[in-house]
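Remember, it's a predicted structure, so these values are computed and weren't measured experimentally. Chain identifiers are assigned alphabetically (A, B, ...) following the order of the sequence lines, protein sequences preceding nucleic acid strands; residue numbering begins at 1 within each chain.
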Amino acid sequence: MSEPGMGVSSAARTRPKGLTFLSRYDDPAMSTVIDMSKAVVLLERFPALAGATATVGAGEIVLLRGPNGVGKTTFLRSCAGLLPVASGRLNVLGHDLVAARRAVRRHVALLGHTSQLYDDLTVVDNVQFWSRASGVRDGDLMGALDRMGVSKRLHSVPVERLSAGQKRRVAIAIVIASRPRLWLLDEPHAGLDQSGRGLLDSLLVDAAEAGATVVFASHELDRAEAVATRSLSFSGGLIVSDDE
Amino acid sequence: MQQAERKDSMTGSLATTTLGWASGASLIVVLVTGLITSPKDANQGEAVRLLYVHVPMIWIAYGSFIITAVYSGLFVAKAASRPDLGRHLDRVAGSAAEIGVVFTGLTLVSGALWGRITWGVYWQWDARLTTTVLMFVTYLGYLALRKLPADPYVRSRRAAIVALIATVNLPIVHYSVDWWRTLHQGASITVGNKPEYTNDILIALLFAVVAFTLVALWLGIHRYRVIRLEEIREEEGIEMAIAARRAEAEVGS
Amino acid sequence: MNSWGTILLGYGLVFGTIGAYALSVVARGRRVGKQLGIGAEDHDDE
Amino acid sequence: MSELLREAGLIARKDLLIEWRSRVAVNQIAPLGMLVLVVFAFALDANQSLLDRASAGLFWVAVLFAGIITVQRAFTLESEHGIRDALRLSGIRPAAMFLGKLAAISIQLFVLEVVLLFGVVAMYDATVEEPLLAVVTAGTGTLAFSAVGCIYGAVSLGLRARETLLPLLLIPVVAPVLLAGTRALERALGVSTQAGWNWVGLLVVVSAIYTAIGLAVFGPLLEDG
């Protein structure tokens, strides 16, 4: 697997122009961002995670592999502090998620299959609401929308009239604007066209280089492997292999 | 996993069996005294016999919902930190609520029949009756919520919150209806106030209350154990699902 | 409706309902218990 | 405290903006409210004196229907497209979400009530004798209704059969609000001589109680599932 850029922050790192808004991360204080061991997570009565163990370090881009229904989405949602951990241990960004799940959420962005946008509101309404909700100034918003190639023409269009790909770009723009330290993406490439995917890949690399950590599930293995620094294979709610 | 006793009735045990026989026997006594041996009342005549099956219902209905409210409050306070205790509190709240609904229904029915004879009308819009029927519907909603498929902890916590709100609502309902009715026609003649009863009527009444309370207790314990057995079945289901998932993992990798 | 009719109806409803409810609770307990019971040992009838 | 109000304002503004963009309240809920008033006339055989006497009660029953639909819509908005997760991940505190939702629903209902009041005056030949009492009654009654509505909107969030569960849980708890609101409005419409302002006092107390409960339970309720 090719190594696009060293995951670990190297001393002299030149950052491409135009990414100033990614520069706010200080050097990550701790190296381990996700520390999960034997975690069992139940969805109603179904053990979506049946004792999974994994660790993810700062600056890494980790690919989650495996067919549908093996626990990838649950892994992402658990790390975002949205699901109670029935048993086992889960620490994310220094927060113990078994005890308290709310504190970690400010530092995490979770992008699922859904648009996470209000259909009746326009693109700008949505981006303004979501970024203000996570305490971000509007300035970064427009930069993020441009970064994802969302043309000015679409800004005042109600989201329900956008294509899936355009909605996905707006959703990613909101993630960029909220500047999380941990990106949790569930099949982010789905619905994006070629140029969108290219934009996304470079974005993930830039985010990791700026000190954030990216964990994403994907079925497009050729493209994903080019970006990922490491991959975890899931099967039956467990993590069965972990290879560089 | 606690092993259910191997008895003919899965929810029986020595204590409940004796309690069962005791409450059964005392019910027969209530039947006999209520219908045959106890005297007619001076002014309401035979109708007083209905009180033996009406007054205990009110007492048990309100008592059950007080238990539900207390255990729901304890659940909200303690369940997050101590899940096992939480399950117990939820079971008590749930079984008491179901007993409460059954006995509130009987309160309304027996009250209507009693009203029919003494006041000539099945229903009166006075504070106690209106509050009782609203309480009945409120806890029907509570039971409906408990039956919906959801994560057990989520469902229990929401049910506890609904029970606490219902408890806050009852005095508000009683106060507002009471105020509404007294404005309407002066101090309304509430069904509840007891004209002067002779001693042997009061004794029979007291015995009836005790008898039905034993029955309610017996029902509550059995209902509690049914919930417990259903939870064991669920837990067994989960363990099997985890085992199956693990087997799937071996095959998959 | 003379009062005796109503009184007997009242007793019938109260005792009947409590009896029916009691039976339903015990029967439900037995059914679930059997399912668990079967899970552990005998596999004969349902 | 001001941070809480800023976040609540954010939620209220978003809800009202959605309403402004989609116009569901104006296009559907307000006409429905008027329709309920018309149907009552059919039911009461357009007997003018009966309608006049019952106008306050019929008004509040129409508000109840419209209110249940408004609450259901306000919480369905949050349960689509994974928005619930996004809200939980945003920094907005549950208490702010409760106040924001409460404000948005109250404002929408209050606007609807002004329309319905005109309907009652026109169709039931009612006359507003004490406008101040009428407005304050509508305001406090709406606040109490919305507070309880928000709590049960959150209780039924994500549960199956929530469309029927919400009214079943909501109406018994809103019953005193309907009772007090009707008695106070009857005085405002000159139908009765009862002490309208005392009933408004009860509405204020009930609003305060359920707003306090809402602030306390909204966090745990959003957290589940």
Side-chain angles (χ1 to χ4, degrees), chain B residues 65 72-73 75-80 86 101 104 125 127 130-185, chain D residues 57 144 147-162 164-184 186-187 192-196 198-199 201-203 205-210 212-214 216-225:
Chain B
F65 291 139
S72 297
F75 181 91
V76 169
K78 296 236 180 337
V101 167
T104 309
W125 286 101
T130 314
T131 307
T132 307
V133 73
L134 270 177
M135 183 168 77
F136 184 63
V137 181
T138 306
Y139 280 93
L140 278 178
Y142 171 85
L143 291 178
L145 173 62
R146 286 185 69 93
K147 290 194 180 71
L148 289 177
D151 169 67
Y153 178 69
V154 164
R155 186 179 44 208
S156 309
R157 177 155 64 175
R158 293 192 183 186
I161 289 171
V162 167
L164 289 175
I165 291 176
T167 314
V168 167
N169 180 46
L170 287 183
I172 298 175
V173 167
H174 193 282
Y175 176 77
S176 51
V177 173
D178 201 29
W179 190 15
W180 165 42
R181 296 317 294 162
T182 44
L183 287 178
H184 218 71
Q185 62 197 127
Chain D
V148 180
C150 282
I151 295 171
Y152 281 119
V155 163
S156 51
L157 204 58
L159 286 179
R160 223 154 289 169
R162 50 181 177 278
T164 42
L165 182 72
L166 178 65
L168 176 62
L169 293 177
L170 180 67
I171 295 177
V173 181
V174 167
V177 175
L178 286 177
L179 180 63
T182 304
R183 296 290 83 76
E186 272 171 359
R187 173 59 188 270
S192 85
T193 56
Q194 285 181 23
N198 295 3
W199 287 108
L202 179 65
L203 287 176
V205 168
V206 171
S207 315
I209 292 174
Y210 285 115
I213 292 178
V217 298
F218 219 64
L221 286 176
L222 286 184
E223 208 37 53
D224 301 341

Counting only non-hydrogen atoms closer than 4.5 Å, does [X] touch chain D with its backbone (N, CA, C, O), its side chain (CB onward), both, or neither?
| X | value |
| --- | --- |
| B:Leu134 | both |
| B:Ile165 | both |
| B:Tyr142 | backbone |
| B:Leu145 | both |
| B:Val76 | neither |

Between B:Trp180 and B:Trp125, what is the ring plane arrangement, given parallel below 30°, perpendicular above 60°, and tilted in between? tilted
Indicate yes or no: at least one non-hydrogen side-chain atom of [X] is less than 4.5 angstrom from one of [Y].
| X | Y | result |
| --- | --- | --- |
| D:Ile171 | D:Tyr152 | no |
| B:Val137 | D:Leu168 | yes |
| B:Phe136 | B:Val101 | yes |

Please identify each residue that fulfils salt bridge (Lys or Arg N to Asp or Glu O under 4.0 Å) with D:Arg162, with sequence neighbours left out. none
Which one of B:Pro149, B:Ala150, B:Ala144 has the most heavy-atom pairs closer than 4.5 Å to chain D? B:Pro149
Relative to chain B, which segment of [X] carries a heavy atom at a distance below 4.5 Å: side chain, backbone, both, or neither?
| X | value |
| --- | --- |
| D:Arg183 | side chain |
| D:Ser192 | neither |
| D:Ala195 | neither |
| D:Ala180 | neither |

Working to the nearest 0.5 Å, report the span between OG of D:Ser156 and CD1 of D:Ile151.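 Answer rounded to 0.5 Å: 11.5 Å.
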State the CG-OH distance between D:Leu202 and B:Tyr175, to the nearest 0.5 angstrom. 7.0 Å
Test log, rule side chain to side chain contact (heavy atoms under 4.5 Å, CB included), inputs D:Val148 and D:Val177: CA-CA 10 Å; D:Val148 180; D:Val177 175; 5.6 Å; no
Residue, of D:Ile213, D:Val173, D:Leu169, that accumulates the most heavy atom pairs under 4.5 Å with chain B: D:Val173
